[in-house]
Amino acid sequence: MSEVTITIDGLEIKAREGTTVLQAAQENGLYIPNLCNHPDLDPAGLCRVCVVKMDDWKIAISCKLPVKDGMVISTEDPEVQQIRKNTVELLVANHPMTCLTCERDSTCELQKVAHYVGIKPDDIKRYRRSVRSIPMDTSNPFFDMDHSKCILCGICVRTCDELQNINAINYAQRGVASLISTLGNKPIAESRCESCGECVVRCPVAALSPKNTMEPMRQVKSICTYCGVGCGVMLGVRGDQIVSVEGDYDNPVNQGSLCVKGRYGYKFINHPERLKTPLVRKNGELVEATWDEALDQIEAKFSKHKGEKFAALASARITNEDNYLIQKFTRAVMGTNNIDHCARL
Amino acid sequence: MAGLATALGSGAMTNSIHEISGAKTILAIGTNTTQAHPVLALQVKKAARNGANLIVANPKEIDLCRHATIHIQQRPGTDVPLLMGMIRTIIDEGLADQNFIKERCEDFDQFKASLQDFDLDHVSEITTVPKELIVEAARLYATSGPAAILYCMGITQHCHGTDNVWAISNLALITGNLGKPSAGVNPLRGQNNVQGSCDMGALPDVYPGYQKVHLPENQQKFEKAWGAKLSTEPGLTHSEIFDDAYHGKIKSLYLIGENPVLSEANANHAIEAMEKLEFLVVQDIFLTETAAMADVVLPAASFAEKNGTFSNTERRIQRIRQAIAPVGETKPDWQIVCAIAKKMGASGFEFSSPEEIMQEIASVTPSYGGISYDRIESVGIQWPCPNQDHPGTPILHTEKFGTPSGKAKLIPLSFRDAAELPDDDYPLMLTTDRSLFHYHTGSMTRRVDGLEQLDSEELLKINPQDARELGLEDQEMVKISSRRGETTVKTKLTGICPPGLVSMTFHFAESPTNVLTNAALDPVAKIPETKVCAVRVEKIVA
Amino acid sequence: MLQRINSPSEMVEMRDFCKAAFARQKVRFLVCAGTGCIAGGSMEVYEELKRHIAERGEDVDVELLFEGKDSEAGASISGCHGFCQMGPLVRVEPKSTFYTKVKVKDVPDIITTTLDEDSVVERLLFKNPDGSHAVAEHDVPFYNRQTRIVLAGCGTIDPEDIRNYFAVDGYTALAQIFADHSPEEVIDIVTQSGLRGRGGGGFPAGRKWKAGYDAKATPKYVVCNGDEGDPGAFMDRSVLEGNPQAVLEGMTIAAYSIGARYGVIYVRAEYPLAVVRLQKAIAQAKEFGVLGENIMGTGFDFDIDIFQGAGAFVCGESTALTLSIEGKRGMPRVAPRPRTTEVGLYDKPTLLNNVKTFAYVPDIIRKSADWFKAIGTESSSGTAVFALTGHIKNSGLIEVPMGIKLREIIFDIGGGIPKGGKFKAVQTGGPSGGCLPESLLDTPIDYDSLDEAGSIMGSGGMVIMNERTCMVDVARYFLQFTEEESCGQCVPCRLGTKQLLEILNDICRGRGKKEDLDLLVELSHSVHGGSVCGLGQTAANPVLTTLRYFKAEYEAHIYDKCCPAGVCKELISFVIDEEKCKGCMLCAKNCPVDAISGEKKQVHTIDQSLCIQCGVCFDKCPNKFSAVECVSPKIPVTPKEKMEVS
């Protein structure tokens with residue numbers, strides 16, 4: 001792919017041909033404010049915040065503007081500033097001012113853009129403020145949909161379409177009544193939504209936010225324990241609990257994507273029904289025991305049943321190292337090849 | 001996976017997951033990918049979105065059909081005639097890759113001879129698929145490459161599952177769709193480390209790395225490595241273990257992370273077998289239905305509480321890391337095995353970490369020879385990776401096949417029907433599938449409130465026409481029975497199942513599907529036929 | 001003879017044959033069957049006419065006879081004549097006698113005067129302002145300044161019979177290009193004619209056709225935009241109802257030029273009559289071999305489907321329209337994007353033009369590019385069609401040469417402001433247009449002059465407003481329209497129109513703040529510069545033009561809480577002039593809230609605490625008294641009165 005040179009605010013940068021001005025800026029470490037753009041998705045050009053002036057005459061949106069050699073871009077032209085500022089002001093004037101208690105405080109894209117554009121309280125006072133009061137959709141067990149915070153960037157719609165090909169959500173209604181909704185405006189849990197949560201991950205504000213998740217204190221890179229695809233996960237840890245799971249963007253298998261089980265199916269780890277001690281059968285009942293008691297019983301029986309009287313069934317659920325040792329134990333200690341596992345189920 | 005190993009010399013996915021989106025044609029047969037492998041299905045959907053031809057061959061109208069160019073709705077258990085019919089079309093129409101067949105395959109003439117039983121009229125009659133559809137699919141697959149085949153339990157869980165797999169490898173071989181990007185034969189592994197368990201030799205006939213136990217050179221190698229006397233007699237397979245336990249030959253069973261009470265075909269037989277054992281040790285993270293039968297239950301740490309590696313369906317060895325301390329007194333499985341071995345006075349189990357175990361694995365397993373924790377710190381490596389300098393192998397069979405001759409085998413096949421077909425007593429065919437929201441026997445997912453809320457009970461999917469004939473309503477509790485057992489379940493009237501076919505998952509202990517299924521085994525792979533059995537559905541009379 | 005046309009030369013024979021049939025019918029009664037006249041009862045008039053003609057015996061055949069004998073008289077429906085205000089209309093050919101407001105009971109008189117007495121029914125003729133009567137249609141001032149090209153067929157031919165269209169040279173343009181012109185040559189003619197898109201944008205049609213021709217991908221489509229959504233506009237509807245074959249012929253010529261196999265006409269579902277007439281027209285055109293497979297035996301195939309729009313204004317935008325045809329949500333595609341001629345319907349090259357643009361084409365081909373270019377101005381050739389409404393004497397549909405001045409349209413054709421009112425402003429271009437004051441009445445009508453004045457040509461709405469119109473209220477009206485019709489995808493349009501509307505609402509309610517004027521201008525420019533499509537980019541035009549030409553009115557609202565036009569209810573009060581009130585009680589009887597008290601022949605008073613400013617008293621007070629006055633700012637309601645209410 002060949003390179004072109006473009007100028008952004010007087011700075012000459014190299015850009016790959018076929019990219020957009022916004023992409024080129026980002027790849028060169030330059031920030032152009034934007035809301036509806038997402039690197040995984042086709043540019044939509046709806047928020048109009050990434051507006052720039054091209055070659056000193058034309059207003060264009062940088063997320064859809066292809067780079068051309070010799071192109072001169074201004075992000076600080078007065079007309080650009082005015083459009084951008086008014087656009088962001090309009091969004092803020094229609095957005096709840098509950099930042100401190102908001103899930104996305106400090107990670108909110110609208111906050112970031114408003115700050116960059118430099119919106120002051122007096123700017124907003126000029127406007128007629130209104131925040132839509134559509135009841136929250138709390139039907140999904142893993143995430144909520146708060147229309148009052150929705151900026152209609154459409155990232156969720158495009159994620160569900162372009163990446164997941166599920167198309168559970170789309171725009172409904174017209175004009176200011178527009179909202180993200182499901183077929184027949186049913187609660188999201190009754191739609192064809194598969195709860196993969198990919199839209200929740202990409203929502204730039206808190207219109208889609210996970211339920212009951214705590215911010216993790218640290219993240220641990222691991223692999224999902226469900227199917228054989230082996231998606232990379234980041235386990236969020238707080239104290240002795242797993243409190244969140246995120247897709248691992250560096251993993252070549254899933255590149256950050258997860259399914260409903262992988263993303264939300266972690267509550268079994270700290271489930272109260274987890275076995276916590278060995279159990280041994282006494283008078284027909286399984287009762288709690290120490291490791292020594294359990295191992296004593298095992299040693300007594302296994303020693304008697306070496307060879308063809310013994311079999312082990314390893315597991316497709318445990319690690320390579322676990323499996324290796326079990327077959328080694330079966331073969332080397334118990335003296336039999338009676339080792340198999342549930343590969344066939 | 002034995003079938004694929006015979007034909008190609010390796011029983012694993014030949015290509016990588018990320019290549020799927022680059023395929024021009026995808027044949028997805030016997031896989032409900034969007035439900036069972038949702039993230040991999042994204043690649044399939046991406047390919048379809050980019051204009052690839054997607055051929056879905058599945059008796060049911062699964063979700064993937066929404067994205068399909070062609071949906072072939074073959075009668076369950078007729079995959080061999082379907083695939084052989086496609087192959088015959090390809091050869092008859094001169095669309096085969098003659099060069100590839102000549103250079104890289106063997107036994108073409110015998111194979112070709114076996115095709116005479118599969119003329120399209122006959123195939124169409126057996127499979128109930130219109131002839132034109134088979135021809136269209138064959139032409140797409142043969143002419144619009146690279147073409148990838150994805151398959152799953154819908155292919156393998158049959159009494160002739162190995163034949164099914166061979167039919168697939170035959171199809172890929174005659175069109176030269178092996179050893180190149182975005183093509184291949186790709187079995188999708190169901191469980192997170194089923195590939196790894198096989199690689200590690202948790203199989204009765206092979207040591208780690210598929211080294212045959214009956215070969216004396218392997219016996220000597222491992223006796224030397226492990227400092228113990230080893231048997232050259234292959235062991236019992238999973239189903240044979242239960243059979244021998246049932247007949248009192250097996251006395252002690254050490255069962256790890258498995259729940260045969262729900263998962264085993266003809267589960268009642270397995271339950272009786274376990275009851276006859278003298279000593280049953282179950283090692284798990286929950287007190288499963290099976291653990292409740294044990295004499296000793298050992299509490300294992302979950303994947304979040306230990307270090308180690310998983311090998312995924314594309315042969316990628318990836319690290320898992322301990323995120324939290326083991327819950328209660330639980331221990332990682334490797335530590336438990338070491339403790340038992342030490343208790344029994346054995347040596348060779350003095351490991352202080354999984355990393356040390358991996359060093360031993362690498363030393364005895366040629367395909368893992370180059371694997372070390374350092375190398376897979378951030379990104380996993382795909383085996384074969386014979387040495388420290390080897391980058392891993394994203395695509396198998398690029399130069400030669402893993403068979404002794406280096407050439408792939410084309411395997412002549414004939415049609416055998418399912419072991420049990422519907423009759424007057426059991427007029428419907430039952431097949432099993434999975435829900436997106438649950439995993440296997442549900443021991444983990446059913447303990448996640450949200451997943452339970454989204455999908456909380458077993459539903460018998462039945463065509464409205466069948467339901468009408470039986471006088472059944474939607475959401476009605478009914479009795480379903482087979483020659484082996486019976487259970488109750490709620491109905492879901494849906495066009496997903498064609499008339500005559502009903503379908504259940506096996507996630508729900510309340511409606512244990514596997515009391516119904518048939519344990520008829522494939523003669524080679526010893527996989528039970530959970531995908532087809534004959535059942536009767538009846539109204540519950542109060 | 002009446003059969004499928006198998007070659008371009010047979011088309012000429014067909015035309016002559018149909019012309020001859022018309023010639024054999026000596027007198028022809030044409031009854032307007034436009035939507036307006038039908039609502040006024042024109043179809044009953046038509047039935048009555050037919051019955052009376054039939055009764056006249058053997059020498060008469062009501063239907064047009066294509067074979068055989070001459071006929072003394074016949075009757076037929078026609079498309080909209082345009083002068084809707086005076087409907088139902090009946091025109092008698094060959095003299096073009098023009099009858100207005102015809103009722104069923106007038107039919108016998110029309111028949112006997114025409115057929116037996118060779119005279120006219122004077123009471124049904126149009127009465128000129130000077131009291132004289134206009135006999136022929138072209139004598140009526142409403143018509144005599146017009147130049148009718150696309151509307152020529154409307155009102156003269158039966159839109160439900162293709163042979164009528166053949167008789168006025170219909171489809172000979174198509175025959176001509178098949179015989180004589182390559183696609184490139186047709187495009188050259190269209191280019192040279194200077195025809196610009198009549199949907200409002202004014203993009204040169206020839207350039208668009210060339211781009212459609214140059215596009216490489218196949219199949220190509222021709223789409224006709226009949227999603228006419230401007231409030232009060234009915235130009236496209238009239239053409240589709242009155243002369244559907246001209247649109248079909250124009251589309252077929254376009255299809256031949258760019259190499260398209262399929263066409264779609266996008267019509268509003270609110271135009272059921274247009275849909276029915278198009279369906280008939282398509283069926284007949286196929287029957288005669290001028291549409292469908294192997295057109296005129298040339299081997300050229302072109303089919304047209306009708307797609308009924310579900311009523312979203314934004315679907316008139318070309319990219320939203322094509323998405324709507326595909327069954328998707330009608331949202332304009334975001335620029336920069338390939339042109340519709342490259343990537344349009346089903347992502348294939350698509351030539352999309354307005355109804356009228358296509359309807360001009362047959363005439364241009366037949367009469368030459370130079371003929372068309374000679375009409376109108378240098379940059380805007382041909383004619384413009386307007387739906388004239390509002391405070392105007394002669395409302396209806398007009399077609400005028402480009403370059404004509406606004407003043408001529410309003411005062412000469414439109415007859416000026418009714419009831420002695422005074423002109424205040426004219427609004428062109430629908431919700432995207434602007435309001436121009438009296439000082440700009442000499443602005444010539446063409447794309448560029450209107451643009452310069454802050455308005456746009458638009459698709460042809462023209463609303464005249466008198467001095468009792470509040471310009472802030474007008475801006476508010478149009479903003480309300482665009483706010484509701486915004487598709488909602490981009491921020492400046494979705495939230496900007498809403499904000500502008502809320503500010504205007506406040507101003508009209510007397511809650512305007514002094515900084516609002518600056519904010520209105522600032523936001524208007526940002527909505528213009530920031531929006532995705534034409535709807536948003538032009539949404540603020542009504543605000544900007546009213547602010548530019550009527551700023552004082554805004555200031556009166558904000559600073560004085562006064563609505564000078566007496567429209568904004570929250571800023572006005574109605575009072576009764578004690579000196580003028582004669583106590584006729586009309587106001588009191590009609591007051592819906594019983595706010596007016598007073599005895600017969602006594603001075604009446606309005607209780608301001610009860611008054612809802614509906615203005616009924618103002619309208620009811622007899623002109624000779626004019627005792628009710630509208631005052632602004634509002635008369636404060638004293639607390640005492642309020643207490644009485646509660």
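First the proteins, then the strands, lettered A, B, ... as listed; each starts at 1.
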Under a 4.5 Å heavy-atom cut-off, does chain A meet the side chain of [X], its backbone, both or neither?
| X | value |
| --- | --- |
| B/Pro234 | backbone |
| B/Lys45 | both |
| B/Tyr207 | both |
| B/Asn307 | backbone |
| B/Gln322 | backbone |
| B/His67 | side chain |
| B/Asp449 | neither |
| B/Arg66 | side chain |
| B/Leu451 | both |
| B/Ala323 | both |

Non-hydrogen side-chain atoms of A/Phe302 and B/Phe279 separated by less than 4.5 Å: yes

With a 4.5 angstrom heavy-atom cut-off, which part of [X] approaches chain B: side chain, backbone, both or neither?
| X | answer |
| --- | --- |
| A/Glu308 | backbone |
| A/Asp248 | neither |
| A/Leu258 | backbone |
| A/Cys224 | backbone |
| A/Asp240 | backbone |
| A/Val229 | both |
| A/Asn254 | both |
| A/Gln219 | neither |
| A/Leu235 | side chain |
| A/Thr336 | neither |

Spatial distance of atom [atom1] ([X]) from atom [atom2] ([Y]) [nearest 0.5 Å]:
| X | Y | atom1 | atom2 | answer |
| --- | --- | --- | --- | --- |
| B/His214 | A/Asn337 | NE2 | CG | 11.5 Å |
| B/Met444 | A/Phe268 | CE | CZ | 4.5 Å |
| B/Leu298 | A/Trp291 | CG | CH2 | 5.0 Å |
| B/Ser197 | A/Asp322 | OG | CG | 9.5 Å |
| B/Ser311 | A/Ile223 | OG | CD1 | 10.5 Å |
| B/Phe286 | A/Arg274 | CZ | CZ | 6.0 Å |

Listed once per pair and sorted, the salt bridge (Lys or Arg N to Asp or Glu O under 4.0 Å) pairs that draw on residues 321-337 of chain B, sequence neighbours left out: B/Lys306-B/Asp333, B/Arg321-B/Glu377

Pairs satisfying salt bridge (Lys or Arg N to Asp or Glu O under 4.0 Å), at least one member in residues 257-269 of chain A, at least two apart: A/Glu198-A/Arg263

What I want to find out is whether [X] reaches [Y] closely enough, with some N-O distance under 4.0 Å, to be called a salt bridge.
| X | Y | answer |
| --- | --- | --- |
| B/Asp295 | A/Lys301 | no |
| A/Arg317 | B/Asp284 | no |
| B/Lys46 | A/Glu162 | no |

What's the shortest heavy-atom distance between [X] and [Y], and which atoms?
| X | Y | value |
| --- | --- | --- |
| B/Phe437 | A/Glu194 | CE2-O, 3.7 Å |
| B/Arg49 | A/Asn165 | NH1-OD1, 3.0 Å |
| B/Gly308 | A/Thr319 | CA-CG2, 4.0 Å |
| B/His37 | A/Cys227 | CD2-SG, 3.9 Å |
| A/Ala312 | B/Ile241 | O-CD1, 4.3 Å |
| B/Leu236 | A/Asn338 | N-OD1, 2.8 Å |

Stepwise side chain to side chain donor-acceptor pair (under 3.5 Å) test for A/Thr225 and B/Asn192: CA-CA 6 Å; A/Thr225 185; B/Asn192 58 331; 3.3 Å; yes

Could you tell me whether a side-chain N or O of [X] sits under 3.5 Å from a main-chain N or O of [Y], the two making a donor and an acceptor?
| X | Y | answer |
| --- | --- | --- |
| A/Asp340 | B/Thr237 | no |
| A/His341 | B/Ala202 | yes |
| A/Glu321 | B/Thr309 | yes |

Chain B interface, residue from A/Leu279, A/Ile339, A/Leu325, A/Asn320 that has the most non-hydrogen pairs under 4.5 Å: A/Asn320

Top of A/Gly307, A/Ala189, A/Pro252 for chain B proximity - count of heavy-atom pairs under 4.5 angstrom: A/Pro252

Between [options], who has the most heavy-atom pairs with chain A when the cutoff is under 4.5 Å?
| options | result |
| --- | --- |
| B/Leu40, B/Asp244, B/Val327, B/Val364 | B/Val327 |
| B/Val379, B/Val282, B/Ile285 | B/Ile285 |
| B/Pro299, B/Gly450, B/Ala48 | B/Pro299 |

CA sep, side-chain torsions, deciding dist, call: B/Phe242, A/Leu313, side chain to side chain contact (heavy atoms under 4.5 Å, CB included): CA-CA 10 Å; B/Phe242 283 102; A/Leu313 285 173; 3.8 Å; yes

Pair B/Glu278-A/Lys309, side chain to side chain contact (heavy atoms under 4.5 Å, CB included): steps then yes or no: CA-CA 10 Å; B/Glu278 192 183 315; A/Lys309 291 177 184 162; over 6 Å; no

Enclosure of B/Lys343 NZ (heavy-atom neighbours >12, cutoff 6.0 Å): yes

ring-ring contact (aromatic ring centres under 6.0 Å, His included) involving A/Tyr226 - partner list, sequence neighbours excluded: B/Tyr439

Interface residues of residues 280-288 of chain A facing chain B - heavy atom cut-off under 4.5 Å: A/Val280, A/Arg281, A/Leu286

Check against side chain to side chain donor-acceptor pair (under 3.5 Å), A/Asn251 and B/Gln318: CA-CA 10 Å; A/Asn251 188 299; B/Gln318 309 192 95; 2.8 Å; yes

Aromatic plane relationship, A/Phe329 with B/Tyr254 - under 30° parallel, 30 to 60° tilted, over 60° perpendicular: perpendicular

